[in-house]
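What's counted below: heavy atoms across the whole structure, side chains too, no hydrogens, waters or symmetry copies.
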Amino acid sequence: MLVPNWSLMNVSLTIPDDAIGGEWQDLARRSLLASGHNAPELMIPALKAYPDAILATVHDSEGLQLALPLECRRNPFAFHASVSTPVSFYGLPHLGPYTAVPAMMALLRRLNRPVLLHSVPMDGAVWDVLAGSTPQVRILDSWERAVLRPDGGFASWFEANFDRKRRKEYRRLQARLAETGKLETLSFHHSDDVAAWTAEFLDLEAMGWKGRRGTALKSDPRVAAALVEGLAGLAAAGKLRFWKVVLDGRPIAMLFAIVEGQQAWLGKIAHDETLNRFSPGVQVILHATEQLFAEGIVQADSCAVPDHPMINHLWRGRLRVADVMIAAPTVSALSFTTTVQAERLRRRLRSIAKSTYHRLTGRHR
């Protein structure tokens, strides 16, 4: 068997469109590591609403071996970064299982600039690929986020995961909410109308503080359309999971997730803030957790920000991740180090500004 050679691979940087969809879906099915939010069914519509993005692809004689959405940034030095959009985030590159290292090497050499990859798990296949592709690897930030690793049944997990007082409180809140009307917990079925579920989610999210602040997905028609198309594509591929808590026929909390194989990644959550005293967000997550147990999911990634005040108290498992800057050996050590240091400084200043803003306004998030 011939050893794959990066120099024989073809790298393209293109505006993503539907033409690449079939190839990308095939690569995702056989990828070295499932990539969650970079699922092509979700990313292709998302990137249509994100005009500054490009899709980096690497082909060899056997077909597509790498796919990664990228954007150009400056800090003030130019570099590329993996794309995060309002509807998809924390996506890793899809990589052919036998060509991952040479494909990554080919991409880095073609870009000839530092590349920032967001939220890379600090052990496992992708980390090994980065280390094997170039000696220029630097961690910018690292943190832990909540994950669920189901073991046994939901009932035993619920008993072991929460103390008696917390279990009693969750049951009390559900009972009190049920006293106000007909309470249901529903899961999306492949025969359901995904467009109707998505419309309900967009409306529910827009009712809250995001709608008032103008940051709800529905506030930007392009982004809303991307979510509608993306979730429809995920549903058609069997990758969408959607849950909701319904009171008197009206959704009061909704959450969706992406599933590939035995892994899941949570997406957006929305809830009716007028019912906060009943913790509807917690209730929909507990419903989703029960369904993930029933499905036999091995790991569900919350994709949450560090120290998230809700999910961290529900899912006790942790995944160590990092934002990583990498570059080909052809990028000078001085240029690479300068870009890394500038990005660290930018993040430090941004953190100080956010802390000052929160302190002055009394807002914590």
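- Taking hydrophobic clusters as Ile, Leu, Val, Met, Phe, Trp and Tyr residues chained together by side-chain heavy-atom distances below 4.5 Å, Leu177 does not share a cluster with Met207.
- In this structure, Leu255 is not a member of the same hydrophobic cluster as Phe201, with clusters built from ILVMFWY side-chain heavy atoms closer than 4.5 Å.
- Classification of the Phe158-Tyr170 ring pair by plane angle, with boundaries at 30° and 60°, yields tilted.
- Cluster membership check: Val101 shares its hydrophobic cluster with Leu66, using side-chain heavy-atom separations under 4.5 Å among Ile, Leu, Val, Met, Phe, Trp and Tyr.
- Taking the six-membered ring where the residue is Trp, Trp157 and Phe293 present tilted rings, their angle falling between 30° and 60°.
- The pair Asp163-Lys165 does not count as a salt bridge, with every side-chain nitrogen at least 4.0 angstrom from each carboxylate oxygen.
- Residue Val282 is not grouped with residue Val147 when hydrophobic side chains (ILVMFWY) are merged at heavy-atom distances under 4.5 angstrom, including chains of intermediate members.
- Expressed to the nearest 0.5 Å, how far CG of Leu231 lies from CH2 of Trp197 amounts to 11.5 Å.
- Between Gln65 atom CD and Tyr98 atom OH the span is 11.0 Å, to the nearest 0.5 Å.
- Taking NE2 of His313 as the reference point, atom CD1 of Ile285 lies at 12.0 Å (rounded to 0.5 Å).
- Summarising the local packing, CG of Asp26 is surrounded by more than 12 heavy atoms from other residues, nucleotides or ligands at distances under 6.0 Å.
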Run the salt bridge (charged side-chain N to carboxylate O under 4.0 Å, His left out) check on Glu169 and Arg166 step by step: do they pass?
CA-CA 5 Å; Glu169 176 65 8; Arg166 185 67 63 87; over 6 Å; no

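- Looking only at atom types and distance, the side chain of Glu71 has a donor-acceptor partner in the side chain of Tyr50 under 3.5 Å away.
- Looking at Thr289 and Trp315, their side chains do bring a donor and an acceptor atom within 3.5 Å of each other.
- Side-chain heavy atoms closer than 4.5 Å link hydrophobic residues (I, L, V, M, F, W, Y) into clusters, and following such links, even through other members, never connects Phe77 to Val324.
- Looking at His287 and Ser187, their side chains do bring a donor and an acceptor atom within 3.5 Å of each other.
- Salt bridge annotation for Arg320-Asp123: absent, with no cationic side-chain nitrogen under 4.0 angstrom from a carboxylate oxygen.
- Taking the charged nitrogens against the carboxylate oxygens, Glu179 and Arg176 do have a contact shorter than 4.0 Å, which makes a salt bridge.
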Asp272 vs Leu247, test: side chain to side chain contact (heavy atoms under 4.5 Å, CB included). Steps then yes/no.
CA-CA 11 Å; Asp272 185 340; Leu247 184 65; over 6 Å; no

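- Thr14 contributes atom OG1, which lies 8.0 Å from atom CD1 of Ile54 (distance to the nearest 0.5 angstrom).
- With respect to Glu159 and Arg171, a salt bridge is recorded, a charged nitrogen being found less than 4.0 Å from a carboxylate O.
- Classification of the Phe242-Phe256 ring pair by plane angle, with boundaries at 30° and 60°, yields perpendicular.
- Between Arg347 and Glu343 a salt bridge is recorded (basic side-chain N to carboxylate O distance below 4.0 Å).
- In this structure, the side chain of Arg277 engages the main chain of Thr274 through a donor-acceptor pair within 3.5 Å.
- Taking CD1 of Ile252 as the start and NZ of Lys244 as the end, the distance is 12.0 Å to the nearest 0.5 Å.
- Here the CZ atom belonging to Arg145 is positioned 5.5 Å from the CG atom belonging to Leu319, to the nearest 0.5 angstrom.
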